[in-house]
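Heads up, the thing below is written out as C-alpha cells.
Along the sequence shown, residues carry numbers from 1.
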Amino acid sequence: MTRSLRTGAMAVAALAASLALTACGSDDADKDAKTGSAASATPGGGDNGSGESAGSGTDAAALEGTWAGLTDGKNVTVSITARKVALVADRSVCQGDVKDMGGEPMLALKCTGGSTDRTMGAIDSVDGTKLVVSWDGGVKDTLTKADPGKLPTDMPSLPDMPEIPAP
C-alpha cells in the first residue's frame with residue numbers, strides 16, 4: 001500500500017513540476033512581436049552560451065513545452081524550457097539539457113536512483129503536437145504536447161485506496 005501511495009505522490013509531484021516549468025514561459029509570439037522584445041530570440045538559434053548551437057534538422061525551439069503520455073502503461077512527462085529538460089517516468093526523475101550531437105538536438109539526462117533507461121534521447125520526430133524520443137536504454141516514448149496552464153485530461157486515475165482499520 002505504501003508503494004502505491006509513493007507512486008501516486010511522485011506522479012502528483014511530477015505533474016506539479018511540469019506545470020510550474022510551463023507557467024514560467026510565454027507562448028504569446030504576437031505579444032513579443034508587437035513589443036519588439038529582444039528577449040524573444042529562438043532558444044535553439046545560435047550559440048547558447050555552452051558553445052553548442054541548434055541542429056539543422058530538428059529545431060531545438062520546437063521541443064519547448066511540456067509533453068506527456070504513456071509508455072508501457074506508465075506515465076511519462078517531459079518538460080523542456082530554455083534547453084533545460086526535466087523528465088519523470090515510472091520511478092525515475094531525471095534532469096539535463098538539450099545538447100547538439102552531430103547537428104541534431106538530443107536529450108542528455110542524469111536520473112536519480114541510477115536509472116539508465118532514459119539518459120540519452122534521440123528526437124525521432126516533433127511536429128508541435130507530438131514528440132517521439134528514442135532512448136539509448138531501448139525505450140521509445142510517444143508524447144503529446146500539454147496545453148500551457150491546463151491540466152491534462154487523459155491521465156489515468158490512481159487506484160482506489162483500501163480501507164485502513166482504525167488503531
Side-chain angles (χ1 to χ4, degrees), residues 7-8 10-29 40-48 50-158:
T7 303
M10 198 158 82
V12 169
L15 183 58
S18 65
L19 288 174
L21 283 172
T22 58
C24 293
S26 170
D27 288 339
D28 195 350
S40 64
T42 304
D47 185 0
N48 68 3
S50 66
E52 299 171 14
S53 62
S56 57
T58 301
D59 183 14
L63 301 173
E64 293 276 326
T66 298
W67 306 85
L70 294 174
T71 299
D72 297 328
K74 297 179 180 175
N75 293 323
V76 177
T77 303
V78 176
S79 190
I80 303 171
T81 304
R83 299 183 72 92
K84 297 292 182 190
V85 183
L87 176 139
V88 178
D90 194 20
R91 295 184 185 160
S92 298
V93 178
C94 311
Q95 62 183 3
D97 300 293
V98 176
K99 299 280 187 181
D100 180 30
M101 303 283 188
E104 293 293 324
M106 293 186 71
L107 307 181
L109 307 178
K110 290 188 179 183
C111 302
T112 59
S115 174
T116 58
D117 288 345
R118 292 177 173 93
T119 54
M120 184 61 70
I123 310 303
D124 289 346
S125 67
V126 60
D127 67 5
T129 59
K130 186 169 102 173
L131 170 66
V132 180
V133 182
S134 290
W135 298 96
D136 59 350
V139 179
K140 186 173 190 170
D141 294 324
T142 301
L143 309 168
T144 304
K145 191 163 193 174
D147 290 330
K150 294 185 180 179
L151 292 172
T153 57
D154 59 345
M155 299 299 283
S157 61
L158 293 174

When rounded to the nearest 0.5 Å, the distance separating CE of M106 from CG of D136 is 7.5 Å

When you measure from the side chain of T112 to the backbone of V93, do you find a donor-acceptor pair of N or O atoms at a distance under 3.5 Å? yes

Correct closest heavy-atom pair for V133 and G121 would be CG1-CA, 3.8 Å

When every non-hydrogen atom of A60 is compared with those of V98, the smallest separation belongs to CB-CG1, 4.3 Å

All heavy atoms of G69 vs all of L143, minimum pair found to be N-CD2, 3.6 Å

All heavy atoms of M120 vs all of A108, minimum pair found to be CE-CB, 3.8 Å

Distance col, row L131:CG vs L107:CG, nearest 0.5 angstrom, shows 7.0 Å

Closest non-hydrogen contact found for L63 with P105 is CD1-CB, 4.2 Å

Do the side chains of R118 and V78 get nearer than 4.5 Å, heavy atoms only? no

To the nearest 0.5 Å, atom CD1 of I80 lies from atom CD of E64 at 7.5 Å

Are any side-chain N or O atoms of K84 and backbone N or O atoms of Q95, one a donor and one an acceptor, separated by less than 3.5 Å?
-> no

dist D141:CG -> L70:CG (nearest 0.5 Å) comes out at 10.0 Å

Hits for salt bridge (Lys or Arg N to Asp or Glu O under 4.0 Å) against K110, two or more places apart or cross-chain, chain-then-number order -> none

One should read off an interatomic distance between W67 CH2 and T77 OG1, to the nearest 0.5 angstrom, of 13.0 Å

Sorted by chain and residue number, the salt bridge (Lys or Arg N to Asp or Glu O under 4.0 Å) partners of K74 (sequence neighbours excluded) come out as D90

Task: Heavy-atom neighbours of D72 CG exceed 12 at 6.0 Å - done: no

On a heavy-atom basis, the closest approach of L109 and G96 is CD2-N, 3.6 Å

In this structure, CH2 of W135 is separated from CG of L87 (nearest 0.5 Å) by 5.5 Å

